[in-house]
Amino acid sequence: MRVAVIGAGAAGLCAVRHLIAKPKTFQVVGFEQGDRVGGTWIYTDKKGQDEYGLPIHSSMYKNLRTNLPKEVMAFPDFPFDKNLPSFVRHEDVLKYLEDYAEHFDLYPFIKFRTHVVQLLPKKCESKLSWEITYNTLSDVNKSQTDQFDAVIVCNGHYSVPIIPNIAGLDSFKGEIIHSHLYRDAETMRNKRVVCLGAGASGQDIAIEISSTAKMVFLSHNKSPLQSVLPTNIQQCPGIDRVEGKTVVLTSGEILDVDIILLCTGYHYSFPFLTEQCHLSVDKEERITPLYKHLIHTEFPSLCFIGLCKTICPFPQFNVQVQFFLASLDGSFTLPSKEEMDKDTEKDLELRLSQGLPLRHAHTMATRQWEYNNQLAKMANLEPIPPGVQVLYDMVHEKRVKNLPGYKKINYRMTGPESFETIEA
Ligand code: FAD
C-alpha cells in the first residue's frame, strides 16, 4: 500500500515513523515544503513569505518556552534529553524532532522543498486512489503527480490567523499584530498593549510582554483568570469596537493603546484539497465528515493527524497515526460510514449539551484522555502511559494558579504515576 504523508512537522514525522516500521505493508513518501523537519518549531525572524513565495509557516516567537513539560510532550517511544529542564526552549523541541527523525531513519522517506498543491481522489472500477500534484520549489516549472492508496494530512493548523470582525479595527491608528507575527517582547517596550484572547498563546504572550510593555490589557470574554499576574497586566472584557487610537470594551470602558495584539487563533486550512475530496470546514471551524476527528468517513483512506485542540500533542499524534494504520492494514475494521457519522454527531451533541460552543467541536482538554484510550482500545494499541495525564493535570493546576511562575519547576518521575517537583 503506497501512503503519502503531507508535512514533516511532529505529526508527519510520527506518521512516517510508524509507516516504515511495517515495510511489508506500507511504502511511504513524505512531502515537506520546507527544507527541514520540525514544522512550527522552526523559529524564524522572517514574516510574510519565504524565498519561494510561500507564507511563513511557523508561529514561534524568539523566547518561547514550552507550556507543557518535556516529560509529557515527548512521543512515548522517544524521550527528550534528560539533561534539559522540564520546560524547554523552542530550539530544544526542534532538536528533539530532528533527533527523532534521525533515530528512526526517516530522512530517506521525505522529499523536502516539495509543496503539495493538489489532492484528488480517483475512482477506477471499485478502487479508490489518490493523485497528488506537487511542485519542486527549486524548479518552479516542475510540477509532478504521483498516485497513492492512502494519504495522511499533517499540514499543521497554526499558520493562517483568524482576524476577528471588530468595528473600526481597520482604521486603528496604532499597530495591529496577530500572534502569528509576534516574535520578540522588545517590540513592545514601553507600549500600552491590548492583548485580545486569553487562550494558551494569549496568556503566554501577555506574560512575556509584561516584562517590556508599559501596560498589558488582557482582553477576553472568559471568566477571569485565577492566576497571580504581574502588576502591569490587567484583565478586561472583550473589545466592542475600535475608534481612532482607542479601544472600546464591551463594558463601555475606553482604553488608549499603542498596539492591538490579536491572540485570536488560527483557521484550519487545506488549500490543496480539491472539491472532490468532500471535506468541509465550516465558519465555526468544524471539519466534516471526520470519524474521531481523524478519518474521512466517505474516504476512509484519507486521514488528518493533529486537528484536535487543547491536547498533549505528540502522544496523541502517536495514537492517532497507529489507529489509522491499524484500520488500513486490517488489524481492526472501522464501523460503517453511517455508524461513524452517527458517532461524530453524538460527540458534537455531547459537547453542545455541556455548553461548549460549536467552534470547540475539536477541542479536547479533559476529554483527551478518554479519547486517546478509546482509540488505543479499538485498535489494540499500547495506551499512553498514565503518568502523562497525572503530570499534565499537575502542571495545569499550577499554571492556573501561577502563570508567571509555573515554568520555574522541574519534574522528575518517581514511579509510573508519580513525580517529584524540583525548584528550577
Ligand atoms: P506543524 O508543526 O505545523 O507541521 C506542519 C508541516 O507541514 C510544516 O513543516 C509545513 O511546512 C508542512 N506543510 C504544510 N502545508 C504543506 C504542503 N502543502 N506541502 C508540503 N508541506 C506542507 N505543543 C506542545 O506540545 N507543547 C508546547 O509547548 C507547544 N507550544 C506551542 C506554541 C506555539 C506558538 C504554537 C504555534 C504551537 C505550540 N504547540 C505546542 C503545538 C504544536 O503545534 C504541536 O506540538 C505540533 O508541533 C504540531 O505539529 P504538526 O506536525 O501538526 O504541524
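Keep in mind that the numbers below use all heavy atoms, side chains included, and drop hydrogens, waters and symmetry copies. Order of appearance sets the numbers: ligands from 1, and atoms from 1 within every ligand.
- Residue contact check: Phe31 has heavy atoms under 4.0 Å from atoms 20 (C), 21 (N) of ligand 1.
- Atom 42 (C) of ligand 1 has Thr40 CG2, 3.9 Å as its closest protein atom, hydrogens excluded (heavy atom only).
- Nearest to atom 23 (N) of ligand 1 by heavy atom, out of Pro313, Gly156, Ser159, is Pro313.
- With respect to the salt-bridge test (charged N to carboxylate O, under 4.0 angstrom), the residues Lys95 and Asp99 qualify.
- Between Tyr158 and ligand 1, no N or O atom pair is found at a separation short of 3.5 Å.
- Ligand 1 lies less than 4.0 angstrom from a heavy atom belonging to Phe317.
- Among protein heavy atoms, the minimum distance from atom 21 (N) of ligand 1 is reached at Gln33 N, 3.1 Å.
- Of the listed residues (Asn67, Leu68, Leu137), the one carrying the non-hydrogen atom nearest atom 27 (C) of ligand 1 is Asn67.
- Ligand 1 has Phe314 within reach: a non-hydrogen atom of the residue lies less than 4.0 Å from it.
- Heavy atoms of Gly9 approach ligand 1 to within less than 4.0 angstrom.
- Side chains of Gln118 and Tyr134: a donor-acceptor N/O pair is absent below 3.5 angstrom, by distance only.
- For atom 51 (O) of ligand 1, the closest heavy atom belonging to the protein is Ala11 N, 2.9 Å.
- Under a 4.0 Å N-O distance rule, the pair Asp45/Arg183 does not qualify as a salt bridge.
- The pair Asp149-Arg2 fails the salt-bridge criterion, with no side-chain N (NZ, NE, NH1 or NH2) lying under 4.0 Å from an Asp/Glu carboxylate O.
- Ligand 1 does not have Val93 within reach: every non-hydrogen atom of the residue lies 4.0 Å or more from it.
- Under 3.5 Å, the side chains of Ser58 and Trp41 contain no donor-acceptor pair of N or O atoms.
- Every atom of ligand 1 is numbered from 1 in the order shown, and the set under 4.0 Å from a heavy atom of Thr66 is 28 (O).
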- request: Could you check Tyr266 against His178 for ring pair (Phe, Tyr, Trp, His ring centres under 6.0 Å), going step by step and ending with a plain yes or no?
  value: CA-CA 10 Å; Tyr266 296 86; His178 189 277; 5.1 Å; yes
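- The Asn155 neighbourhood of ligand 1 comprises atoms 5 (C), 7 (O), 14 (C), 15 (N), with distances under 4.0 Å to a heavy atom of that residue.
- Ion pairing between Lys46 and Glu51 holds under the 4.0 Å rule for side-chain N and carboxylate O.
- Between Lys122 and Ser129, the side chains place no donor N or O within less than 3.5 Å of an acceptor N or O (distance only, hydrogens not considered).
- In summary, the atoms of ligand 1 found under 4.0 Å from a heavy atom of Ser59, numbered by their order in the structure, are 34 (C), 36 (C).
- In this structure, the protein non-hydrogen atom closest to atom 39 (N) of ligand 1 is Trp41 CZ2, 3.9 Å.
- For atom 19 (N) of ligand 1, the nearest protein heavy atom (residue, atom name, distance) is Val116 N, 3.0 Å.
- Within ligand 1, counting atoms from 1 as listed, the ones closer than 4.0 Å to a heavy atom of His115 are 17 (C), 18 (N), 19 (N).
- Close approach to Thr114 involves these atoms of ligand 1, each under 4.0 Å from a residue heavy atom: 19 (N), 20 (C).
- We find that Asp204 and Arg399 are joined by a salt bridge, their nearest charged nitrogen and carboxylate oxygen being less than 4.0 Å apart.
- Any N or O atom pair closer than 3.5 Å counts here, and His57 shares at least one such pair with ligand 1.
- Atom 26 (N) of ligand 1 has its nearest heavy-atom neighbour, among Met60, Met73, Gln118, in Met73.
- Atoms of ligand 1 found under 4.0 Å from any heavy atom of Cys154 (numbered from 1 in listed order, with element): 5 (C), 6 (C), 7 (O).
- Side-chain contact between Ile311 and Trp369 is absent, with no heavy atoms from C-beta onward closer than 4.5 Å.
- Ion pairing between Arg65 and Asp92 fails under the 4.0 Å rule for side-chain N and carboxylate O.
- Here Arg286 does not pair with Glu284 in a salt bridge; the nearest charged N to carboxylate O distance is not below 4.0 Å.
- Atoms of ligand 1 lying under 4.0 Å from any heavy atom of Gly7, numbered from 1 in the order shown and given with element: 6 (C), 7 (O), 12 (C).
- Residue contacts with ligand 1: Leu64 is placed with no nitrogen or oxygen under 3.5 Å of a nitrogen or oxygen of the ligand (distance criterion only).
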- prompt: What do the steps show when you test Phe78 against Tyr96 for ring pair (Phe, Tyr, Trp, His ring centres under 6.0 Å), and what is the final call?
  reply: CA-CA 9 Å; Phe78 194 74; Tyr96 168 83; 5.4 Å; yes
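- Between Lys337 and Glu298 no salt bridge is recorded (no basic side-chain N to carboxylate O distance below 4.0 Å).
- When the heavy atoms of Arg113, Glu32, Arg65 are ranked by distance to atom 6 (C) of ligand 1, first place goes to Glu32.
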